[in-house]
Every structure is written in structure tokens, then in C-alpha cells.
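All remarks here apply to the structure that follows.
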Amino acid sequence: MEVSPISTCTGFHHIHPRATPLSFPLTPRISTTSSSRGRGSRRSSAAAATPTLVDISCNDPQNGCAVDAQRRHSKAYLARKNAILQVQQSPHLDSALQRLGGVLKVQDLNVILRNFGQQRRWQDLSQLLAGGMKVKDGYSKALELVQELNYNGLQMDSVMYGTLLAVCASNNRCEEAQSYFNQMKDEGHSPNIYHYSSLLNAYASGGNYKKAEELVQDMKSSGLVPNKVMLTTQLKVYVRGRLFEKSRDLLVELDTLGFAKDEMPYCLLMDGLAKTGCIDEARSVFNEMKEKCVKPGGYSYSIMISSFCRGGLFEEAKELAEEFEAKYDKYDVAISNAILCAYCRAGEMESVMRTMRKMDELAISPDYNTFHILIKYFCKEKLYMLAYQTMEDMYRKGHQPAEELCSSLLFHLGKIKAHSEAFSVYSMLKYSKRTMCKAFHEKILHILIAGKLLKDAYVVVKDNAKFISSAAIKKFAKSFVKLGNINLINDVLKVIHGSGYKIDQRLFQMAVSRYIAQPEKKDLLLQLLLWMRGQGYVVDSSTRNLILKNGHLFGQQLIAEILSKKHMRSKALKSHWMTNG
DNA sequence: TTAGGGTTAG
């Protein structure tokens, strides 16, 4: 595998002093064997890459201007601004509203609604609207909303309903949208074209074309004429409902009305067709669009490239990616991902690296998909360390890698003896919010034992003993007692005993041998002997002889007493225990 | 101040 293209990117983000440099693992450390770096050094490089709050605030030349601007506003205005911020940031929205509702005007609530909608804080939004009610129960929630707003002396206005309907639609909350729409009408607001298209958009997610058609009729009879957005949204309804004949007819209608001059309606249809497996039909819509001199852009290419990738047509995907690159110069993260995916699937390493550099130059931040595509690709090319570095970068940027990806990478890292990197992947999954399959713990345990990372192995066993087979526990115990940190041997024995595993005489004898080899740890041996006896373990004769033979190392009297069942509570033993235990 | 489109997935 030729890896030099990656090395040429080394230190790219040091050359470009941008605010958010793309830190792909474009490093010269590429190797298919284990890196010699310890985990500590990786952490410090991560820390160096993350700017601190101090860095940011000290470099903010606009701070002063903001303060001046604030001074020019009235007190009431500032109070409202402040109230908006407080409501947005409050973890208890209903109480914040109760406290601040008197200050807020209708337009302020709109600001808050939009903000939550943009951030997809659906839970917050429904809490804001329903005073903490469950997200379900759309209709009663609408009633709660009225109560909540009335309580705060506020009433929904037409624009607010517009925002709210749009939020419902983009969150697939069809029932809620309908309910708010009705409520709005009940309150005497007549719906305008914005309300109708939002509700129509809400119907699209369920492909509910019957209701959609009724709504369009309803709108027409109220005297409104469907415009480009309305008809395009209706096309979306048909596409989502897989009514492709109706979709085509509507596209013709849009075209006749002069509403199909941009690629959007074509994109809707192509995407729907491709996702239903009709890739040939999608391709012909794409070509038809080009023939009609509709200017294609990132969306249509991204749909087609991704569809080809999904359908296994990697060469065609690659060709389309190249065509896009040759003809267009507008990139964003979605088209970049589609292009990356095409090159990855076609195995075009040079092009993958070129695309990564281009993203870097254009300051396009990689997102979850970018990382996912790249890690999968690097794994496929057996560039496991590069895949690992990419995953680390992904994690640092706040994305949680999927379990299957972690599992596969962890397995390969183990194979190439990158033990600590494998453990790092395990930890990323463990500390993310994702679920972890139970077998994962045992997998990493074997890798850690192979890499003699016994302290980490101990932590894994301690936290997950119930998910680990007794054979693996036994293997761990043997390795640890033989090679692990002597100060932890007793703890390890206690943990594996606690997990239901019986400590056999061989293991016990191994522990005793470790203590004999290091007589300064005699207290640990004494504690072990006491603990074992407390748990009902019997010292067999060979171990007993071994201890007695080396009794001078530990204090003959103590040893004799511990090994003697009759003097369990002797004075000497007690005082020893008090001072050293 | 309110409306429509694209990306992972052996």
C-alpha cells in the first residue's frame, strides 16, 4: 500500500492558522504495527489541539464593541434579552417561564422557539410548550400550551404558529402539527401559505398523501393559490408515499408552471427512487434534469453519488464524483462526504487524500459521517493505526463511533499488537453513550493480557466480571499473579474470588512465590494468608512448606500463627494487624 | 420574525 500521499499532508493545520483547523490524522506515523507512544502522550497531544476558553476570550477583538452596543439599548430591552437567554439556558423551562414570562413579549417567545427548533431541542420545546408534559398526546399538549401561555400572560400569534408548525414538521411530529394548525384556526387566525406548507411538510414524513391532497384542496378553497414551495412539498409527500407516478405528473406540472428551474424537485424524486432501490430510474431523472438545462449542484450529485455507493456501483460513483470535481467548485460537508465515500469504495487512495486536503483548505469540518467513511476505509486498506488515529480525532471532536466500527478496529489493533490503542478504542466506546455488547469486555481482556497491560486488564475484570467467562478470568488471574504489579495481587485475588471464581492452589502458590522473591512485601503475604483463611481456603502442604521454608523472611512466629488454625486470634497477630493492616 | 432538497449502514 502506497501511503506517501498521507505523509505529504503532515502538519497541514499548522500552516493554516484557521479558527477550526481540520485535524485529520494526517501524520507521518503511519505504520501497520503498534505505535510506541504511550497513552499519556496521546492525551497531551489531544489537549494541545483543543483551544482553551482563555485562548478564545483573549483573542476576541469584538468584545469591546459588544459592550458599547449594549449600553445603547434601553433597560427594558436588555431585560428582555436577558430573559430570553435565561429561558434558553434554563434546565427548568416551566419555572423559568413562570419567573420571566412577565418580561417576555410574543416575539421573544418566537426567538426562543426558533432557537430550540434550530438546535433540535424537541424535548425542551415541548417542555416550553407543555410545561413538562410528555412528548406524546399532541392534542392535550396543545391545550396545555394555551394554559401555559395564558398563565404567563402571553398569546400565540400567527407567526408563532408558523414557527411552531415548521418545527413540528421538521421533527416528524405530524399529529402535533395538525393539532396546532386546528388550534390556530380555533383561535381565529386564518392559516396563510406558510402554515399550509409546514403542515403539508409534516404529512410528507408519513407519506400521508390523502390528507395532503385534502389540505391542498382546503387551501385552494380558502382562496390561496399553491405556489412553488407548496407544490414542491406536495411532490415530497408523493415521493415519501412512494407514489412515483403521481410524483412524475406533479414534476411535469411544476415544470409547466416554471417551478422546476432549480434541482430541488428533481432531487426529491431521485432520492426517493434511489432509496426504494430504483437506481436506474433515479439515474434517468438525473439525466433528464441535465438535458433540461437545470443546473445541477451539490444536492443532486450528492444524492446520485451516495445512491451509487449504496447500490455497489462504485466505478459509477467515482466517475460522478470526478465529474462534480471537474465542473463545480462549491463544496460543503455533505458533498465532500459523498465524494470521499465514492473514492473510498473505489479504492482511490490518491483521490481520498486529495479530497481530505481540499476539505482542509476550504475549512470544511469533518462530521460523524466523514470520520465513519474514513475509518472504514482505512480498516479496509489495513491501515489500522491510521484508522485508530482517525477514530481518536473523531472522539475528541465529540462524535461517538458506532459499536461495530469499534469492534472491528479493536480486533485488528489486537492482531497487530497495538494493545494500548485497542484499549483506547474500548474506552472510547465505554465512555460514550452507546451501548456496548457484553462480549466486548472479554475481547479487550484477551488483548490486554497479550499486551501485558495487566493493570488495565484488572480494571476491565473488576468492572465487568459478570460478562467475562471463567476461562478468561482464570487466564487473567494467572497472568496477573505471575507478572502484574505485586501491590495489586491481593486485590486481584479478592476481585476474582468475589466474582465467583475459586482460587486454586497453583494460583495461590504463584502469589506466595512472588512474595518470597520480594520479602519487603511480607505484609502483603500475611494479609493474603489471613484473608484466605477468612474465606475458608485451606493452604495445601506444598505451599505451606514453601512458606515455612522461607519463614525467616516474614517472621517465624507470625507465619506459624497464621498457618495454625488454633491461634487465629493471638495477641501477636492482632497487634501486627493493627499496625500494618 | 413563520414554508421545500443531499451524506454512514459487509
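Predicted model only: the values in this text are computed from it and were never measured. Every chain is numbered from 1, with letters handed out A, B, ... down the list of sequences.
Side chain of I373(A), nearest nucleotide from dG4(B), dG6(B), dT8(B): dT8(B). Residue K236(A) places its side chain closer to dG5(B) than to any other of dG5(B), dA3(B), dT8(B). Of all nucleotides listed (dG6(B), dA3(B), dT7(B)), dT7(B) comes nearest to the side chain of N369(A). Closest contact between the side chain of K228(A) and the listed nucleotides dG4(B), dG5(B), dT2(B) involves dG4(B). Distance from the side chain of S306(A) is smallest for dT8(B) among the nucleotides dT8(B), dT1(B), dA3(B).
Applying the side chain to side chain donor-acceptor pair (under 3.5 Å) criterion to K220(A), with sequence neighbours excluded, gives no partner residue.
Ring centers of Y196(A) and F181(A): under 6.0 Å apart, within the cut-off.
Within the nucleic acid shown, E263(A) comes within 4.0 Å of at least one base atom, counting heavy atoms only.
The CZ-P distance, from R434(A) to dA9(B), rounds to 14 Å in whole Å. One can place NE2 of H412(A) at 15 Å from P of dG10(B), the figure rounded to the nearest angstrom. Rounding to whole angstrom units, CG of residue L268(A) and P of dT7(B) are separated by 11 Å. In this structure, Y266(A) places its OH atom 14 Å from C1' of dG5(B), rounding to the nearest Å.
Residues Y426(A) and M436(A) form a side-chain contact, since some pair of their non-hydrogen atoms from C-beta on lies under 4.5 Å apart.
Residues from residues 237-247 of chain A lying near DNA chain B, meaning a heavy-atom separation below 4.0 Å, are R240(A) in numerical order. Remark: D332(A) in residues 307-332 of chain A come within less than 4.0 Å of DNA chain B through at least one heavy atom. Remark: D271(A), K275(A) in residues 269-283 of chain A come within less than 4.0 Å of DNA chain B through at least one heavy atom.
A close approach under 4.0 Å does not occur between any side-chain nitrogen or oxygen of K376(A) and OP1 or OP2 of dT8(B).
Within the structure, ring pair (Phe, Tyr, Trp, His ring centres under 6.0 Å) pairs that include any residue of residues 248-281 of chain A do not occur (at least two apart or interchain). Applying the ring pair (Phe, Tyr, Trp, His ring centres under 6.0 Å) definition to pairs two or more places apart or across chains, those involving residues 291-325 of chain A are F286(A)-Y301(A), Y301(A)-F324(A), Y301(A)-Y328(A), F324(A)-Y328(A), F324(A)-Y331(A).
Counting distance only, with no hydrogens placed and no angle test, the side-chain atoms of S198(A) and the base atoms of dA3(B) include no donor-acceptor pair under 3.5 Å. Contact annotation: side chain of T233(A) to base of dG4(B), donor-acceptor pair absent below 3.5 Å.
The side-chain tip of K380(A) does not point at the ring of Y377(A) from less than 6.0 angstrom away and within 45° of straight on.
By the neighbour-count criterion of 12 heavy atoms within 6.0 Å, atom NZ of K415(A) is sparsely surrounded, having that number or fewer from other residues, nucleotides or ligands.
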